[in-house]
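Below are the structure tokens for one structure; questions will follow.
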Amino acid sequence: MMNVVKKTLCLYCFMFVLAVFNTYVNAGQPKYDLSNGGAGLSRSFSYTVTSEVATFDYVATSKQLKWQPHSKDNLNLGITDKVYWFRHSFSLHGSQKQSVIFEVSYPLLDDLEVYIEHEGQLFSYQLGDLERFASRPIKHRFFLIPFTITPNENIHFYARLKTSSVMIFPVKLWKTSDFTERNQVNTLILGAYFGLMALLFVYVCSCAIIIRKRVYGYYLGYISSMTLLLCNLSGLSFQYFWPNSIWWNGQSSIFILYVIVFFGILFSKSLLNIARFYPRLNLALRYLVAAVALMGAVSLTLPYEMLLAPTIYFSLACCVLGLVIGYVRVKDGLEVAKFYSVAWGGALFGGLVLVATKISLVPFNWFTEHALMFGISFEILCLSFAIAKSLQIERKEKLQLKDSLMKHLANAKDTLEQQVQQRTAELEEANIKLMQSAITDSLTGVANRRKLDEFLDVEYARAVRFNYPICVLMIDVDFFKKVNDAYGHQVGDTCLKLVASRITGEITRIGDLVARYGGEEFCIVLPYAQEHDGAVIAEKIRVSIAAHPLLTNVGAIELTVSIGVAGHQPDSNMPFTQLELADKALYTAKHNGRNQVVTASEMGAIRHIN
């Protein structure tokens, strides 16, 4: 019996010693309760600096490393190129396994390795924006690690971090259901914000197209690049715009900052009318714009870590310059400059908070993370009011100028009305005479070459549209030079008048045109006529002239004519192509002996030989 009691006492003593040992071992190790939301792990981290070749096995077992505790709410080590290791051990309250998510809510980290020891197993994850977006365990703008944890079991968390941006490492542990609910709210807020920015973009773009003012184009470039920068800083650009372009994701933020400064300067120059009132300052700003464009191009070739700090300070300096210029224009009495200065103050505030966060002057939290977004939103709102006010002032000036001009015109109107009426009547009468003389051949009385060209253009376009044929006749008086040589040019002119009269006598349809083409050549245009119809009319003309000599003051003179005919359905060719065909048919008629009609379709077959 005594042996049993002794054994029982020894067992209780061993259990007591084991409990005391476990209490000693777990002393200082936090135990988180996730029932009331996420737990911030960063405030309990310890960290150390190692070489780039240090491995997890070395870091986890080495006794030589000096781990420094961290007790602040947020872990921000500023801009550094060193390799940091972080560690933290903890456990969870509860009685059942919990599905959790480790959230690293700073999306600009380059190279992040996470190691988790739990229940004797080691889990490793390769994260950071130097990895393709598709390789992330969860496709999200932040770095997320899904995990299942057994309550009251120790979790050992290690992380290796090297980045060219700011060393900010905010880690939070969430129940999966809580994170999903919170993420939906954040997504809704971001969607509403960027949706409003998209509507503003469409509005400004419409104004730029309708009003056609450069200030709208500069403002459009400014808000577009500013919105894209916010997408970059929040991780949305890498998620949605260029998930496979690691190089551009690293370089784009610096480049976009220079684009913002570029359009910001141009917008300020245009809105504040610097060129008109301060030409020297305008020249300096033009040089500054050229320098910004050059630096933006160079930023695509230099490392991110080399450009980060200089670019941020340069952007802040340009923002301060904008405030100074706005203040000067406010002193000049420009009302628009008040909105402009307030807007630039909002942007400067957001930029200063961003810089203070980057260099560890202020903690990284929800407000400082979104300060730039608030400042930019306020700035864009004020700048929109500034543009609206500028348009209102410009419209008012235009109305005043319009009223002045209307009064001046009203005074001049009464004086001019009588003069205009008198001159109009005189011009109408002269115009009628001029129009008639401009389209009529003064010798023969038929249409001249100008009228022929206009008629062909109009009639051919109508024929193409309504798909009806046109026939063209080219007429040449045979051996007319002999008439001029034998009887003189006055008799020759008489003969041309008589020939024109004979031709006109054979054209009886309304809408046909007889014109003198040049010298002893005439042209006839017959709408709605096929080639054989034109050939029949041509034969009548030839017979009319050949059968009856022309009576002149020197006696009867016998003349003949050669006629070329071309007619077809209209197509995409110009009417001058048909003239050329008729002219070639005329040339064939003259070549084959004259006094005959030749059609374009039978080029060498003579219809009549006298």
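Predicted, not measured: the structure shown is a model, and the values here were computed from it.
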Q | Atom of A585, atom of A600 and distance for their closest heavy-atom approach | A | CB-N, 4.0 Å

Q. Only one of I541, V597, V565 forms a side-chain contact (heavy atoms from CB on, under 4.5 Å) with I475, so which one is it?
A. I541

Q. Going from CZ on R502 to CG on L550, what distance comes out if it is rounded to the nearest 0.5 angstrom?
A. 5.0 Å

Q. Would a distance-only check, ignoring hydrogens and angles, find a side-chain to backbone donor-acceptor pair under 3.5 Å from E521 to M474?
A. no

Q.
Nearest 0.5 angstrom please: C495 SG to I557 CD1, how far?
A. 4.0 Å

Q: Give a yes-or-no answer on whether the side chains of N448 and R516 include a donor-acceptor pair shorter than 3.5 Å.
A: no

Q. For S562 and D476, does a side-chain donor sit closer than 3.5 Å to a side-chain acceptor?
A. no

Q: Say whether, by atom type as modelled, one donor and one acceptor occur between the side chain of S268 and the main chain of G264 under 3.5 angstrom.
A: yes

Q.
Does L496 form a side-chain contact (heavy atoms from CB on, under 4.5 Å) with F480? I'd like the steps, not just the answer.
A. CA-CA 9 Å; L496 288 177; F480 186 73; 3.5 Å; yes

Q: Please step through side-chain contact (heavy atoms from CB on, under 4.5 Å) for the pair E459 and Y468, ending with a clear verdict.
A: CA-CA 10 Å; E459 197 62 41; Y468 62 78; 2.4 Å; yes

**Q.** Flag, side chain of S501 to backbone of K497, donor-acceptor distance under 3.5 Å
**A.** no

Q | Parallel, tilted or perpendicular: rings of Y222 and F267 (30°, 60°) | A | parallel

Q.
Using a 3.5 Å distance criterion without hydrogens, assess whether the side chain of N592 forms a donor-acceptor pair with backbone atoms of T588.
A. yes

Q) Within 45° of the axis and under 6.0 Å from the centre of the six-membered ring of Y278, does NZ or CZ of R329 qualify? A) no

Q: Taking all heavy atoms of L285 and all of L321, pick out the closest pair and write down the distance.
A: CD2-CD2, 4.2 Å

Q. How many angstroms lie between atom CG of L526 and atom CD1 of I507, to the nearest 0.5 angstrom?
A. 5.5 Å

Q. When rounded to the nearest 0.5 angstrom, what is the spacing between CZ in F522 and CG in L473?
A. 13.5 Å

Q. Are any of the side-chain heavy atoms of S225 and F262 separated by less than 4.5 Å?
A. no

Q. Are the charged groups of D453 and R449 less than 4.0 angstrom apart, N to O?
A. yes

Q | Side-chain (R214) to main-chain (L266) donor-acceptor, under 3.5 angstrom | A | no

Q | T301 side chain to A297 backbone, donor-acceptor under 3.5 Å | A | no

Q | Minimum-distance pair of heavy atoms, taken over all atoms of C205 and L220 | A | N-CD1, 3.9 Å

Q. Can any side-chain N or O of Q569 pair as donor or acceptor with the backbone N or O of Q530 at less than 3.5 Å?
A. no

Q | Closest approach of R594 to Q596 (non-hydrogen atoms, all atoms of both residues) | A | O-NE2, 3.0 Å

(Q) Restricting to non-hydrogen atoms, name the atom on V483 and the atom on G492 that form the minimum distance, rounded to 0.1 Å. (A) CG1-CA, 4.3 Å

Q: Indicate the atoms forming the closest heavy-atom contact of Q578 with A566, along with that distance.
A: NE2-O, 3.0 Å

Q. Got a second to check how far E428's CD is from T424's OG1, nearest 0.5 Å?
A. 6.5 Å

**Q.** Short side-chain to backbone donor-acceptor contact, S544 and K540, under 3.5 Å
**A.** no

Q | Ion pair check, R423 and E426, cut-off under 4.0 Å | A | yes

Q: Could you tell me whether the side chain of L257 reaches within less than 4.5 Å of the side chain of F314, counting heavy atoms only?
A: no

Q) Can you tell me how far the CD1 atom of I439 sits from the CZ atom of F455, to the nearest 0.5 Å? A) 11.5 Å

Q.
Apply side-chain contact (heavy atoms from CB on, under 4.5 Å) to residues L334 and F277 and explain how you reach the verdict.
A. CA-CA 11 Å; L334 183 64; F277 295 98; over 6 Å; no

Q: Begin with the C-alpha distance, continue with both residues' side-chain angles, and end with the deciding distance and a verdict on side chain to side chain donor-acceptor pair (under 3.5 Å) for D583 and Y517.
A: CA-CA 11 Å; D583 193 56; Y517 194 74; over 6 Å; no

Q. Between E539 and R542, does a side-chain contact (heavy atoms from CB on, under 4.5 Å) hold up when you go through it step by step?
A. CA-CA 5 Å; E539 182 64 18; R542 188 198 66 79; 2.8 Å; yes

